[in-house]
2 protein chains.
Amino acid sequence: MAWDQSLCRQIAGSDFDRLFPNGIRYQTREAGVALFHQGQPFDQVLIIRSGWVLTYKVFQDGQRQIIRFALPGDLIGFEGDDTSGMAYTAEALSDVTLCSFKRSLFYGVCSSSPQMAMNFAAAVTREALAAWNHVGALGQQSAMGRVANLLLDLHRRAVAQCGADGPAVRLPINQIHIADATGLTSVHVCRTLKQMKLERLLEFGKGQLVLLDPERLAEIAQLDPEVELYQPPLAVA
Amino acid sequence: MAWDQSLCRQIAGSDFDRLFPNGIRYQTREAGVALFHQGQPFDQVLIIRSGWVLTYKVFQDGQRQIIRFALPGDLIGFEGDDTSGMAYTAEALSDVTLCSFKRSLFYGVCSSSPQMAMNFAAAVTREALAAWNHVGALGQQSAMGRVANLLLDLHRRAVAQCGADGPAVRLPINQIHIADATGLTSVHVCRTLKQMKLERLLEFGKGQLVLLDPERLAEIAQLDPEVELYQPPLAVA
DNA sequence: CGCCTCGTTGAAGGTGGTCAATTCGAGTGG
DNA sequence: CCACTCGAATTGACCACCTTCAACGAGGCG
């Protein structure tokens with residue numbers, strides 16, 4: 001199942017041209033470009049087809065909190081209402097290609113296609129689950145636990161996307177991203193990573209992550225073996 | 001729009017008896033009873049009709065993180081898959097009445113009724129939004145900011161539910177709940193509340209919350225005036 | 001080369017945690 | 001009515017994790 005033109009054609013059938021009068025537009029954005037800004041209205045829903053997107057909240061004191069690293073198959077901007085401001089900023093972390101819908105159109109299509117609507121609900125459910133895990137890590141875990149949580153999650157998702165090319169995985173992030181996602185300072189992230197490297201848990205540098213001891217990392221992250229954390233996103237054909 | 005029997009009848013029309021062969025069951029649970037447990041499978045979706053429900057994760061070290069205070073109209077347990085364990089525990093915070101569906105049934109109904117599906121998606125979207133705000137507060141804010149965030153949110157939702165009977169609002173929670181939700185210790189929550197009372201920001205005791213200076217509280221919570229935070233839950237008739 | 005961002009390290013300070021003792025209030029039973 | 005109990009609230013002393021501030025090194029790029 002995929003969030004792409006062929007799926008939409010399949011679902012919509014002969015109604016496709018009525019439902020998508022302008023077809024489905026694909027866009028590309030360069031790394032570092034903002035897709036929309038916190039506090040400003042935005043009337044589209046974005047589906048990531050390739051690349052990584054970052055969402056974060058900015059606070060008055062200039063601090064930012066990274067909410068989510070979004071990968072292909074993930075939905076962005078589904079929660080607005082076209083008039084009030086978005087709750088966060090979204091920014092391309094790498095070069096990305098996106099599939100964009102006017103939100104009203106997207107909702108309309110979902111309302112007339114239960115299959116689309118359930119696809120949508122499933123995507124939002126994944127977001128909620130991920131956010132709850134994030135809340136748990138930020139609320140109850142030490143610096144090392146938070147970093148372990150984040151890197152295990154990113155590793156899992158990156159491997160699911162690209163497959164593992166050996167033990168090393170490429171992540172387009174630096175220590176500052178880790179700091180802003182875990183609620184730590186980059187200084188302390190540096191010290192924590194150094195400690196984790198000393199304990200032969202992982203290596204991280206130059207956008208490369210190697211998990212040396214995934215089992216102990218999972219312990220440190222206090223992952224619950226009973227709970228299946230990972231819900232794969234819909235494939236993007 | 002309501003998540004109740006009359007809505008379901010309305011949506012399902014003459015298919016109601018086919019879609020809900022057992023009708024829709026209402027249940028009541030006493031305060032303190034667990035609705036389901038972290039790590040154990042659970043095959044139902046619950047809609048709260050009255051009362052408060054608490055969801056939280058428990059970690060190996062015994063700490064717990066409160067994920068969500070759920071009020072009437074909120075959905076619980078929508079994210080499982082019937083076989084793997086739930087990601088958190090849900091517990092009645094007060095006496096509650098619930099509307100319960102088998103998850104497979106609920107999904108089936110949504111899949112055959114776009115209106116139900118969009119209702120569902122909207123409910124999950126509210127959960128995700130709330131979780132993102134929670135992430136922001138836990139990641140970037142001081143103890144006072146976290147407490148202000150939580151209490152402003154609970155105040156808003158409680159008033160929306162019950163209306164304000166004067167400046168005081170009844171919340172069925174104590175300082176330990178605040179601590180577990182904000183990632184602080186109850187000792188420090190006590191100190192923080194004392195400080196906030198000294199600064200004439202609010203009063204909290206015996207399940208009563210009074211906001212003395214909502215504007216300054218909103219500043220402390222670093223709420224973004226551009227962003228409309230609150231999305232009302234669906235009414236429960 | 002010069003500039004910039006990111007990473008690294010050290011020293012000092014503060015926010016919040018830990019531990020412990022006391023008080024308070026509600027409930028319970030004598 | 002009064003002890004007794006138990007959980008929650010409160011307070012103090014001490015401590016640790018993480019922050020802040022500052023400096024410096026490494027690498028990329030004009």
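Convention: sequence-line order gives letters A, B, ...; per-chain numbering from 1. All values below come from the heavy atoms of this structure, side chains included, with hydrogens, waters and symmetry mates left out.
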Restricting to non-hydrogen atoms, name the atom on [X] and the atom on [Y] that form the minimum distance, rounded to 0.1 Å.
| X | Y | value |
| --- | --- | --- |
| A/Gly183 | A/Leu138 | N-CD2, 4.3 Å |
| B/Arg64 | A/Gln140 | O-NE2, 2.8 Å |
| B/Pro72 | B/Gln161 | O-NE2, 3.1 Å |

- Task: Encode nucleotides 24-30 of chain D as B, S and - characters from 5' to 3', where the letter depends on protein heavy atoms closer than 4.0 Å: B to the base, S only to sugar-phosphate, - to neither.
- Result: -------
- Along nucleotides 5-11 of chain C, 5' to 3', which nucleotides get a B, which get an S, and which get a -, given that the test is a protein heavy-atom distance under 4.0 Å? -SSSBBB
- Message: Just to be sure I understand the rule, does B/Gly183 reach a base, reach only the sugar-phosphate, or reach nothing, if contact means heavy atoms closer than 4.0 Å?
- Response: sugar-phosphate
- Message: Under 4.0 Å, heavy atoms only, any strand: does B/Ser142 hit a base, just the sugar-phosphate, or nothing?
- Response: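 Since only primed, P, OP1 and OP2 atoms lie under 4.0 Å of B/Ser142, the category is sugar-phosphate.
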- Considering only heavy atoms from C-beta outward, does the side chain of A/Met86 approach that of A/Glu79 to under 4.5 Å?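 In contact.
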- Task: With the side chain counted from C-beta on, respond yes when A/Asn149 and A/Leu223 share a heavy-atom pair under 4.5 Å apart, and no when they do not.
- Result: yes
- Message: Can you tell me which residue among A/Thr89, A/Ile67, A/Leu93 is in a side chain to side chain contact (heavy atoms under 4.5 Å, CB included) with A/Leu54?
- Response: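 So the option named by the test is A/Leu93.
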- Message: Using OP1 and OP2 only, check whether a side-chain N or O of A/Thr185 sits under 4.0 Å from D/dT19.
- Response: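 For D/dT19, OP1/OP2 do have a side-chain N/O of A/Thr185 under 4.0 Å.
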Euclidean distance, atom [atom1] of residue [X] to atom [atom2] of [N] [Å, nearest integer]:
| X | N | atom1 | atom2 | value |
| --- | --- | --- | --- | --- |
| B/Leu184 | C/dT18 | CG | C1' | 14 Å |
| B/Arg146 | C/dT15 | CZ | P | 14 Å |
| A/His188 | D/dC21 | NE2 | P | 17 Å |
| B/Leu198 | D/dT10 | CG | C1' | 13 Å |

- Between CD1 of A/Ile178 and SG of A/Cys190, what distance do you get to the nearest 0.5 Å?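 Rounded to the nearest 0.5 Å, the CD1-SG separation comes to 10.5 Å.
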- So, are B/Asp82 and B/Arg103 salt-bridged, with charged N and O less than 4.0 Å apart? yes
